[in-house]
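First the structure, in the form of structure tokens, and then the observations on it.
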Amino acid sequence: MTIVVAVDGPAGSGKSSVSRAAARALGFDYLDTGAAYRAFAWRCLEEGIDTHGPRDVIESLPSFEYAIGTDPDGYFVRVGSEDVTADIREPRISSTVSSVARIPEVRAHLTALFRSIIAGTVKPGIVVEGRDITTVVAPDAEVRILLTASEEVRMRRRSAELSGESAEATARELSSRDAKDAKVVDFMNAAEGVVTVDSTDLDFDSTVHAVVTLVRERT
Ligand code: C5P
């Protein structure tokens with residue numbers, strides 16, 4: 001049986017890096033669903049699709065082909081044959097992604113893709129990370145975790161390498177994206193049966209350790 005570990009949390013909670021490190025420690029696969037939403041937003045911008053008008057966005061869904069996973073060079077995200085691993089982290093994507101992610105048809109399409117990736121997992125397990133994994137994508141997951149940290153700590157971690165205006169801009173971007181996303185799915189409060197891991201006072205390794213321990217205890 002494949003063990004599914006579902007991890008949700010706000011922007012800047014460290015859930016991507018923590019989930020990836022926990023997956024590596026456990027020998028599990030890893031799926032970053034935010035990267036798929038970002039890849040879809042990238043593709044919309046690339047094709048000049050108006051991301052505020054849902055019709056064209058929805059029409060472009062069936063031809064959206066993306067691949068996400070690991071190769072000898074590390075973690076990658078591709079749209080068609082194009083490697084977009086770095087591009088999807090650009091500010092223009094961060095500021096567009098919420099507008100496409102709130103469209104129900106987009107969520108349904110990507111949710112179906114995520115479920116098929118989970119169903120096809122060959123490793124002993126998979127860590128799936130995002131905003132609605134514990135509640136919508138994999139509500140029956142063996143382990144469900146909400147990874148949080150105080151707003152102040154999240155801002156500080158995200159803007160750690162930046163300074164001055166860029167740090168402030170990053171903090172503003174995170175708050176505004178979380179506010180938009182929270183109107184669509186509740187990732188600030190743990191649903192019933194979901195364990196909260198609060199990393200406010202934990203460093204990176206201790207947070208990974210907390211997640212790995214939860215998985216080992218519960219499976
Ligand atoms: O996790 P990350 O910050 O890269 O996610 C980018 C965006 O993708 C989020 O701001 C949100 O709009 C969307 N998202 C989502 N549901 C998920 C994962 C991400 O709506 N499960």
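Both ligands and their constituent atoms are indexed starting at 1 by order of listing.
- Counting heavy atoms from C-beta on, the side chains of R20 and E129 never come closer than 4.5 Å.
- The protein heavy-atom contact nearest to atom 4 (O) of ligand 1 is R38 NE, 2.7 Å.
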(request) Report the C-alpha distance between S206 and D203 in whole Å, list the side-chain angles of each, state the deciding distance to 0.1 Å, and finish with yes or no for side chain to side chain donor-acceptor pair (under 3.5 Å). (result) CA-CA 5 Å; S206 314; D203 64 14; 2.6 Å; yes
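- With hydrogens left out, the protein atom closest to atom 21 (N) of ligand 1 is D132 OD1, 2.8 Å, a heavy atom.
- Of the protein's non-hydrogen atoms, the one nearest atom 18 (C) of ligand 1 is T33 OG1, 3.3 Å.
- The option from I93, L174, D181 that lies nearest to atom 11 (C) of ligand 1, judged by heavy atoms, is D181.
- A cation-pi arrangement is present between R131 and F187, with the terminal nitrogen or guanidinium carbon under 6.0 Å from the aromatic centre and inside a 45° cone about the axis.
- Residue contacts with ligand 1 for E173 are absent, since no atom lies close enough (heavy atoms, distance under 4.0 Å).
- Residues V57 and C44 meet the side-chain proximity criterion, which asks for heavy atoms closer than 4.5 Å.
- The protein heavy-atom contact nearest to atom 14 (N) of ligand 1 is Y37 CD1, 3.6 Å.
- Under 4.0 Å from ligand 1, heavy atoms of S98 appear from its side chain as well as its backbone.
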(request) Go through the steps for S175 and R154 under the test side chain to side chain donor-acceptor pair (under 3.5 Å), then give the verdict. (result) CA-CA 10 Å; S175 307; R154 285 191 279 120; over 6 Å; no
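- Annotation: cation-pi geometry not satisfied between R78 and Y66 (NZ/CZ under 6.0 angstrom from ring centroid, within 45° of ring axis).
- Contact annotation: the side chain of T96 never approaches that of W42 to less than 4.5 Å [non-hydrogen atoms, C-beta and beyond].
- At a 4.0 Å heavy-atom cut-off, ligand 1 does not touch R102 at all.
- Heavy atoms only, all atoms of each residue included: S94 and E173 are closest at CB-OE2, 3.5 Å.
- Here the heavy atom of the protein found nearest to atom 1 (O) of ligand 1 is R131 NH1, 3.0 Å.
- For atom 7 (C) of ligand 1, the choice among V97, V137, D178, V136 with the nearest heavy atom turns out to be V97.
- Contacts of K180 with ligand 1, taken as heavy-atom pairs under 4.0 Å, are absent altogether.
- Contacts between R177 and ligand 1, counted as non-hydrogen atom pairs separated by less than 4.0 Å, involve the side chain only.
- Nearest to atom 16 (N) of ligand 1 among the protein's heavy atoms is R107 NH2, 3.0 Å.
- The protein atom (non-hydrogen) at minimum distance from atom 5 (O) of ligand 1 is G34 CA, 3.5 Å.
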